[in-house]
Amino acid sequence: GAGVSQSPSNKVTEKGKDVELRCDPISGHTALYWYRQSLGQGLEFLIYFQGNSAPDKSGLPSDRFSAERTGGSVSTLTIQRTQQEDSAVYLCASSPPPPGQTQYFGPGTRLLVL
Amino acid sequence: RKEVEQDPGPFNVPEGATVAFNCTYSNSASQSFFWYRQDCRKEPKLLMSVYSSGNEDGRFTAQLNRASQYISLLIRDSKLSDSATYLCVVNTNAGKSTFGDGTTLTVKP
């Protein structure tokens, strides 16, 4: 079946612009995660959606970052007024119920802020 | 102190060697444990889950020690294709997931 998909695969933007990154999870997966990975670094947790519960936003680095998940499926991560330090790979993952199961990752969006 | 800690390496080993990676976690409420593999410029992929009784998948053996909050991964008879970064992952039963920074393995001919 189809895996997790993310779009765009690459995004180059200018400092100060807003960007939207999209994630389509595997059908039936109730949990969705966003992570950020800078070059040569580990995964940095950003936000976690679990079913209809309030999302865990504890990893969002600033109020320029926000995410939503519509209809319990597709998710959009929005970065406002991008900065050069936002340049990284943004990875989305989904997992089936119950909570705590294996995560399946999308290929990521490579963001470069000039 | 990080919630999940791994020795970053790098581990450089010859083909055929046995190598072990360790991981410690601080959240005693952690319920599920995994090892992921990440190749250069690729997304992480599940290598294996880790069960309390220990589990084996071919050349790979994972063990969990809940009392010491410690997870290990043993790779026997290393292959060139095993070269990658190995990530330790710890989940709570609410689904909150924490990744270690990874241990880099290079297997050389």
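Per chain, numbering begins at 1; letters A, B, ... match sequence-line order.
- Note on B:F34: it clusters hydrophobically with A:F105, by side-chain heavy-atom contacts below 4.5 Å among ILVMFWY residues.
- Under a cut-off of 6.0 angstrom, the local environment of CG in B:L80 is crowded, with over 12 non-hydrogen atoms contributed by other residues, nucleotides or ligands.
- Surrounding CD of A:E85 are more than 12 heavy atoms belonging to other residues, nucleotides or ligands, all under 6.0 Å away.
- A:V4 and A:L46 are not part of a single hydrophobic cluster, where members link through side-chain heavy atoms under 4.5 Å apart.
- Follow the hydrophobic side-chain contacts under 4.5 Å out from B:L87 and you reach A:L91 in the same cluster.
- Clustering ILVMFWY residues whenever any of their side-chain heavy atoms sit less than 4.5 angstrom apart, transitively, puts B:F33 in the very cluster that holds B:F21.
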Short donor-acceptor contacts under 3.5 Å linking chain A with chain B:
| unit_1 | atom_1 | unit_2 | atom_2 | d |
| --- | --- | --- | --- | --- |
| A:Y33 | OH | B:G95 | O | 2.5 |
| A:Q37 | OE1 | B:Q38 | NE2 | 2.8 |
| A:Q37 | NE2 | B:Q38 | OE1 | 3.0 |
| A:Y48 | OH | B:A94 | O | 2.6 |
| A:G100 | O | B:S32 | OG | 2.9 |
| A:G100 | O | B:N91 | ND2 | 3.1 |
| A:Q103 | N | B:Y36 | OH | 2.7 |
| A:Q103 | O | B:Y36 | OH | 2.8 |
| A:Q103 | NE2 | B:S97 | OG | 2.6 |
| A:R110 | NH2 | B:R41 | O | 2.7 |

